[in-house]
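Numbering starts at 1 and runs along the sequence shown. Just so it is clear, the structure is predicted and the values come from calculations on it, not from any experiment.
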Amino acid sequence: MTSTNNELTVSMMGTSTKEEVVSKVDEEDDDSSSDSDMDYGSDSEWAGYNVLAETEPEWDVDSFDGHEFKINPRVRQMYRSQELYDKYYNNRLKAFESKGFLSDHLNGIYDVYLDEKMDGYNSTRDFMAELANVCVKKHNETKGNTLELVNVVRATERGAATWRLYITFMAREFPDGPLVEYQAKVIKFLGVKDPFPVLCRAAPKPGI
């Protein structure tokens, strides 16, 4: 294996973004070594895996819908055994099926540390609750419901200038009702004070 191919392996195993991986593949394709004859697939196949980002948020529309789970065949060549590849595959599938609500480093989605201190708030958890409540308010206004957020249990984030937050929280659908797990997605643009609600929904049941 060439040193460039080793860099590709490290990139896939670490937290590099898909764009960085593609960049390293381009470098490898230009290499005149014997590895250049290996069929790693086209760059368009890699690009087809990425979920297109929203340019303007539209309420109750999930940008993950309608996308097919894909792993390029060349990834298999980077694992020494089928067992290791199966573990990688299953983790990637689980992240994809969560539609952003589980961390997915290869697509730039990372966990939010909820108990960290944050200026103006007791913790990041309180800030996530404030953002989720923007979605809860929109949900209640559009559906005529009385959903009430109780506490945030998990959050993931993606982006910087366009900051996407995927927030999982417990809620009551009516006063004194049982706790139900819900999901909220909100977008905050750099330089824009108010966040944009994208969706608020009950979390899917396991196996659905």
Contact between [X] and [Y] at the side-chain level, heavy atoms closer than 4.5 Å - yes or no?
| X | Y | result |
| --- | --- | --- |
| K99 | S63 | no |
| L102 | E97 | no |
| F189 | I187 | yes |
| N107 | F96 | no |
| R125 | D115 | yes |
| E173 | T146 | no |
| Y166 | S103 | no |

- Which ILVMFWY residues are connected to L179, directly or by a chain of links, through side-chain heavy atoms under 4.5 Å apart?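 Besides L179, the hydrophobic cluster comprises V150, V153, M170, listed by chain and residue number.
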- Item | Connected-component partners of L147 among ILVMFWY, side-chain separation under 4.5 Å |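 Joined to L147, directly or through intermediates: V112, L114, M118, Y121, F127, M128, L131, V136, L149, V152, W163, L165, I167, F169, V180, Y182, V186.
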- Sequence neighbours excluded, the answer for side chain to side chain contact (heavy atoms under 4.5 Å, CB included) partners of K143 is D60, H139, N145
Whether [X] side chain and [Y] backbone form a donor-acceptor pair below 3.5 Å:
| X | Y | result |
| --- | --- | --- |
| T124 | E116 | yes |
| R158 | G108 | no |
| T168 | A155 | no |

- Message: Checking R92 against D104 for the side-chain contact (heavy atoms from CB on, under 4.5 Å) test, could you report, in this order, the C-alpha distance in whole Å, the side-chain angles of both residues, the deciding distance, and whether it holds?
- Response: CA-CA 7 Å; R92 300 288 293 123; D104 185 3; 2.2 Å; yes
- Message: Checking D86 now: which residues fulfil side chain to side chain donor-acceptor pair (under 3.5 Å) with it, not counting sequence neighbours?
- Response: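 Listed in chain order: Q82.
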- Determine the minimum heavy-atom distance between F174 and P178, stating which atoms define it.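 Minimum heavy-atom separation between F174 and P178: CZ-CD, 3.8 Å.
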- So which heavy atom on C200 is nearest to which on C135, and how close? CB-O, 3.7 Å
- Could you tell me which residues satisfy salt bridge (Lys or Arg N to Asp or Glu O under 4.0 Å) with R154, sequence neighbours excluded, listed by chain and number? none
If you measure from [atom1] on [X] to [atom2] on [Y], what distance do you get to the nearest 0.5 Å?
| X | Y | atom1 | atom2 | answer |
| --- | --- | --- | --- | --- |
| Q77 | Y85 | CD | OH | 10.5 Å |
| F69 | K94 | CZ | NZ | 13.5 Å |
| D62 | Q183 | CG | CD | 8.5 Å |

- More than 12 non-hydrogen atoms from neighbouring residues, nucleotides or ligands closer than 6.0 Å to CD on E83, yes or no?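 Not more than 12 within 6.0 Å, no.
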- Show your working on side-chain contact (heavy atoms from CB on, under 4.5 Å) between N133 and K137 and close with a plain yes or no. CA-CA 6 Å; N133 269 322; K137 180 181 178 182; over 6 Å; no
Table please: side-chain donor-acceptor pairs of residues 190-199 below 3.5 Å, with sequence neighbours left out.
none

- Could you go through the side-chain contact (heavy atoms from CB on, under 4.5 Å) check for I109 and E157 one step at a time? CA-CA 5 Å; I109 301 174; E157 61 181 348; over 6 Å; no
- Message: Could you check, using the six-membered ring where one of them is a Trp, whether Y89 and Y79 have ring centers closer than 6.0 angstrom?
- Response: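 No: the rings miss the under 6.0 Å criterion.
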